[in-house]
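So the structure is just underneath, and the comments pick up after that.
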Amino acid sequence: MKGGDMTYSTKDIPAEGLSACWKSPSNIALIKYWGKLGGQLPANASLSITLSNAYTVTRVAASRLDTPGSGPEAEFRFEGELNLPFSSRINTFLKSVASHFQYLPDVKLSIESGNSFPHSAGIASSASGMSALALCLCALEAQFQGKEAGAPGFYEKASSIARLGSGSACRSVYGGITVWGRHHDVPGSSDEYAVPLHFDPHPLFSGLRDAILIVDPGEKKVSSSVGHGLMNGHPFAESRFAQAGKNLSGLLAALKSGDWQVFARIVENEALSLHAMMLASDPWFILMHPNSLLIINKIEEFRKQTEAKVCFTLDAGPNIHLLFPEEETERVATLIKSLKSYCFNDKVIEDLVGEGPKQLTCR
Ligand code: PMV
């Protein structure tokens, strides 16, 4: 391995192999990515908050293949169990990114992964899982190059590799608020990788809470790839992409000034527009549950009565993400309590904006 060199050889991988270990969180989009161009590029820019408590820990160990050049080959264990369906998906993903890592064709990878949240918790694991894996792949490359993980360009590459696995995963490689997709109001923004927000948001948003009301913990009714595909030829596609761009500009201004009313209006408009797209798709999908609508009505009622700073967003599913600033924690606790009976087994996952991925010492 040559210090700081872009080219390197896998011949001198030590007998015990090389390994990398990362913890990477999930994220929730406030401006939604829904619809893609080719090559996993987004049809519009999106913005998300990186979460804290919902994360994946992944360890990747690399050893040299007996027949270098025939790889990559990977074995995948999820929470201690060999998982063949996941192994096959991961092998397909690794082959698709092999041209981005000089070492990959020469190695055998042993991948172990686990989530901080239960499998059927209604939290998508693709963002945390794919970002953790991409960070490990980039950290191994850094070791080959004799560089530090985190050197200039490291996170950009990790983000673009994560994107190839799952679009929204590219936003999880940074903490706080991140933007993915080219947008005139975000300097340095790119369709290929996410960037951290280019300014410090108003302190109102610094400890933003996300209480996830689990209405249904089941599998997604529509896979992401089918969902994004519904936007091809969708009668409202162009208006939707324009709306997302305008909403992003408005949200950035609200994040800067600390205007909760504007923030809430835009965030809710984005969530319901995402679901409206699915209602108007051919074939259509209704992803909300009757209880999702009941909860939304209760949130609105509570807000009218108390003027509390609280709003909601949804992913492509029935669960409600209740967003509120830290200062509202006590008041919103009474709202959450009153909404538990509409949730599956009274389930609520309390999360908040987080600091982003961390490199761990491998064991
Ligand atoms: O990353 P994907 O392909 O699973 O798509 C995610 C789409 C939404 O979660 C609905 C919105 C988003 O921007 O995260």
Side-chain angles (χ1 to χ4, degrees), residues 24-51 54 56 89 92-93 96 121-134 158-174 177-183 186 189 191-195 197 210 212 219-232 234 237 240-241 243-245 247-248 251 266-281 285-288 292 312-321 323 351 353:
S24 189
S26 186
N27 70 73
I28 175 74
L30 306 183
I31 301 293
K32 308 293 181 182
Y33 149 58
W34 198 243
K36 51 178 135 184
L37 314 172
Q40 282 281 88
L41 299 171
N44 62 264
S46 57
L47 175 147
S48 62
I49 58 167
T50 298
L51 297 177
T56 298
R89 276 183 56 191
T92 308
F93 166 69
S96 76
I123 298 182
S125 57
S126 60
S128 53
M130 276 300 166
S131 56
L133 179 58
S159 179
S160 77
I161 296 296
R163 183 197 98 234
L164 296 171
S166 161
S168 56
C170 76
R171 297 186 308 242
S172 274
V173 308
Y174 306 104
I177 297 174
T178 72
V179 176
W180 168 38
R182 222 153 19 93
H183 191 277
V186 184
S189 57
D191 285 349
E192 295 189 10
Y193 48 83
V195 292
L197 191 65
D210 178 12
I212 313 168
E219 291 279 309
K220 286 203 226 171
K221 256 199 202 165
V222 53
S223 73
S224 280
S225 47
V226 170
H228 290 291
L230 295 170
M231 292 305 282
N232 297 328
H234 193 294
R240 164 61 199 148
F241 303 145
Q243 175 197 37
N247 274 345
L248 179 52
L251 194 70
I266 294 175
V267 165
E268 293 180 355
N269 179 247
E270 276 292 308
L272 295 178
S273 297
L274 168 71
H275 282 258
M277 287 303 107
M278 283 180 269
L279 288 171
S281 294
F285 288 93
I286 301 179
L287 300 185
M288 277 198 237
S292 316
F312 67 86
T313 186
L314 293 105
D315 226 330
N319 302 325
I320 307 284
H321 290 247
L323 303 172
D351 214 331
V353 63

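All ligand and atom numbering here is 1-based and tracks the order in the structure.
Of the residues listed (Glu270, His321, Lys32, Glu268), the one engaging Thr313 in a side-chain hydrogen bond (donor to acceptor under 3.5 Å, both in side chains) is Lys32, and it is the only one.
Looking from atom 8 (C) of ligand 1 to the surrounding protein, the closest heavy atom is Asp315 OD1, 3.5 Å. From the protein, the heavy atom lying nearest to atom 11 (C) of ligand 1 is Tyr33 O, 3.4 Å. Considering only non-hydrogen protein atoms, atom 2 (P) of ligand 1 sits nearest to Ser224 OG, 3.4 Å. Protein heavy atom at the shortest distance from atom 5 (O) of ligand 1 is His228 NE2, 3.0 Å.
In terms of polar-atom proximity, Ser126 is not counted as a contact of ligand 1, lacking any N or O under 3.5 Å from an N or O of the ligand.
Scanning for salt bridge (Lys or Arg N to Asp or Glu O under 4.0 Å) contacts around Glu192 gives an empty result, with sequence neighbours left out.
The shortest heavy-atom distance from Lys36 to ligand 1 is not under 4.0 Å.
The atoms of ligand 1 that sit less than 4.0 Å from any heavy atom of Ala29 are 12 (C), 13 (O), 14 (O).
Note: Tyr33 and Trp180 meet the aromatic proximity criterion, with ring centroids under 6.0 Å apart.
The proximity of Ser168 to ligand 1, defined as any non-hydrogen pair under 4.0 Å, involves the side chain as well as the backbone.
Thr50 places a side-chain heavy atom less than 4.5 Å from the side chain of Pro25. Side chains of Ile266 and Ile31 form a contact here, defined as non-hydrogen atoms less than 4.5 Å apart. The closest side-chain heavy-atom distance from Val173 to Tyr193 is not below 4.5 Å.
For atom 12 (C) of ligand 1, the nearest non-hydrogen atom from the set Lys32, Gln40, Arg171, Arg163 belongs to Arg171.
Side-chain contact check for Arg171 and Ser48: at least one donor-acceptor pair (N or O, by modelled atom type) lies under 3.5 Å.
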